[in-house]
Amino acid sequence: MSDGAREQRMRRTRRALITGARRLTAAHGLGGFTVEQLCAEAGISRRTFFNYFASKDDAVLGTPARDPLEAFGEQFVAGGRDPRGPGLLEALQQLVVRSFALLEGPHDRALMLEVLRREPVLLQRLAESMDRHVAQLAALIARRQGCAAGDPFPGVAAAAISHLAGHTVHELLEGRPAGPDPEESPPSAEFADRLARNVRLAGILFCAPAAVPPASAEGPAGIPPAASPGAAPPADPSSDIEGSP
């Protein structure tokens, strides 16, 4: 079997497990079915299940057994020591895109909402998981950049890129035309392109003041006019920020 065919089969199995776990939870609650029942529906063994998820709860939430930040984090940190490698922002985008490939799953919002209504404890777990991943990402950024303890930059950078990633996923799913499989995740390349665009747009927002002409262009009250939405951000907007390269 080719690597591509194996990857496709693993994606189908992962999605079948998530969909089955959510459907069974919505119908019977978390305590109303077993891992063995879920595996029987998906046509896999119990042992194979744990290659995908660490627990039944994780299958419902779609949290993979292989944490993306643990899988790719050390490579991200090491990249900061390579002067020929990408800068921090580009490296973060690459890390997010690689993580997206591991986290993708079915996107039946109505079913997921029903699950969370039936088992509100999962909503708390989901929020805790998101907070934990932002904290993990901040720690990786701090290590890569050599930030001092207490430097706020890693936390802000982690929160910003995490929010942009979440917004990009939502945007893709909302605007994606109906296909033969409405639960199919957008391809990684499509996600990467849209994330890069959104990062550029965020750069315009955050860097607009730096693009305003000097004092001669000030308005009557001494307040610079707003920068044009199309103004290009400076080459390195973070050069004077704590924790920046």
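FYI, side chains are in, hydrogens and waters are out, and symmetry mates aren't considered; it's all heavy atoms of this structure. Everything numeric here is computed off the predicted structure, so don't read it as measured data. Along the sequence shown, the residues carry numbers beginning at 1.
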Please say whether more than 12 non-hydrogen atoms of neighbouring residues, nucleotides or ligands are located less than 6.0 Å from CD in Gln75.
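Open.
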
Would you confirm whether [X], through its side chain, and [Y], through its main-chain N or O, come within 3.5 Å as a donor-acceptor pair?
X: Arg118; Y: Ala27; value: yes
X: Lys56; Y: Thr34; value: no
X: Arg14; Y: Gly62; value: yes

Pairing residues for [X] by the salt bridge (charged side-chain N to carboxylate O under 4.0 Å, His left out) criterion, not counting sequence neighbours:
X: Arg132; value: none
X: Arg144; value: none
X: Arg194; value: Glu171
X: Asp67; value: none

If you define the side chain from C-beta out and look only at heavy atoms, does anything of [X] sit under 4.5 Å from [Y]?
X: Leu137; Y: Val96; value: no
X: Ile141; Y: Phe153; value: yes
X: Gln94; Y: Val97; value: no
X: Asp193; Y: Arg197; value: no
X: Gln145; Y: Val77; value: no
X: Met112; Y: Leu61; value: yes
X: Met10; Y: Tyr52; value: yes
X: Val60; Y: Leu24; value: no

Tell me every residue that passes side chain to side chain contact (heavy atoms under 4.5 Å, CB included) with [X], counting only those two or more places apart in sequence or in another chain.
X: Ala59; result: Ala21, Leu38, Phe49, Phe53
X: Gln124; result: Glu128
X: Arg84; result: Asp82
X: Ala202; result: Leu164, Phe206

To check you understand the geometry: which heavy-atom pair defines the closest contact between [X] and [Y], and what is its length?
X: Arg46; Y: Phe50; answer: O-CD1, 3.2 Å
X: Leu69; Y: Leu95; answer: CD2-CD2, 3.9 Å
X: Pro154; Y: Cys147; answer: CG-SG, 3.7 Å

Could you grab the distance from atom [atom1] of [X] to atom [atom2] of [Y], nearest 0.5 Å is fine?
X: Glu190; Y: Phe100; atom1: CD; atom2: CZ; value: 8.5 Å
X: Glu70; Y: Ser99; atom1: CD; atom2: OG; value: 11.5 Å
X: His167; Y: Leu201; atom1: NE2; atom2: CG; value: 8.5 Å
X: Asp57; Y: Thr25; atom1: CG; atom2: OG1; value: 8.0 Å
X: Ser129; Y: Leu122; atom1: OG; atom2: CG; value: 11.5 Å

Listed partners of [X] passing side chain to side chain donor-acceptor pair (under 3.5 Å), at least two apart:
X: Gln136; value: none
X: Thr168; value: Asn198
X: Asp131; value: none
X: Arg66; value: none

Check your understanding: Does the pair Arg23/Glu41 count as a salt bridge with the N-to-O cut at 4.0 Å?
Key ->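 Salt bridge present between Arg23 and Glu41.
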
Next item on the list: Would you please test Leu140 and Arg143 for side chain to side chain contact (heavy atoms under 4.5 Å, CB included) and show each step?
Entry: CA-CA 5 Å; Leu140 291 173; Arg143 288 176 56 202; 4.0 Å; yes

_Does Asn51 form a side chain to side chain donor-acceptor pair (under 3.5 Å) with Thr48? I'd like the steps, not just the answer._
CA-CA 5 Å; Asn51 291 330; Thr48 300; 4.8 Å; no

Note to self: Test of understanding: clusters of I, L, V, M, F, W, Y form through side-chain heavy atoms closer than 4.5 Å, transitively. Do Leu126 and Ile18 belong to the same one?
What the structure shows: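 Cluster IDs for Leu126 and Ile18 differ.
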
Open item on the list: Count I, L, V, M, F, W, Y as connected when their side-chain heavy atoms are under 4.5 Å apart, and connections chain through other members. Are Leu89 and Phe72 then in the same cluster?
Closed with: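 Yes: a chain of side-chain contacts under 4.5 Å links Leu89 to Phe72.
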
For the pair Ile161 and Val199, evaluate side chain to side chain contact (heavy atoms under 4.5 Å, CB included) and give the outcome as yes or no after the intermediate values. CA-CA 8 Å; Ile161 197 70; Val199 167; 4.2 Å; yes

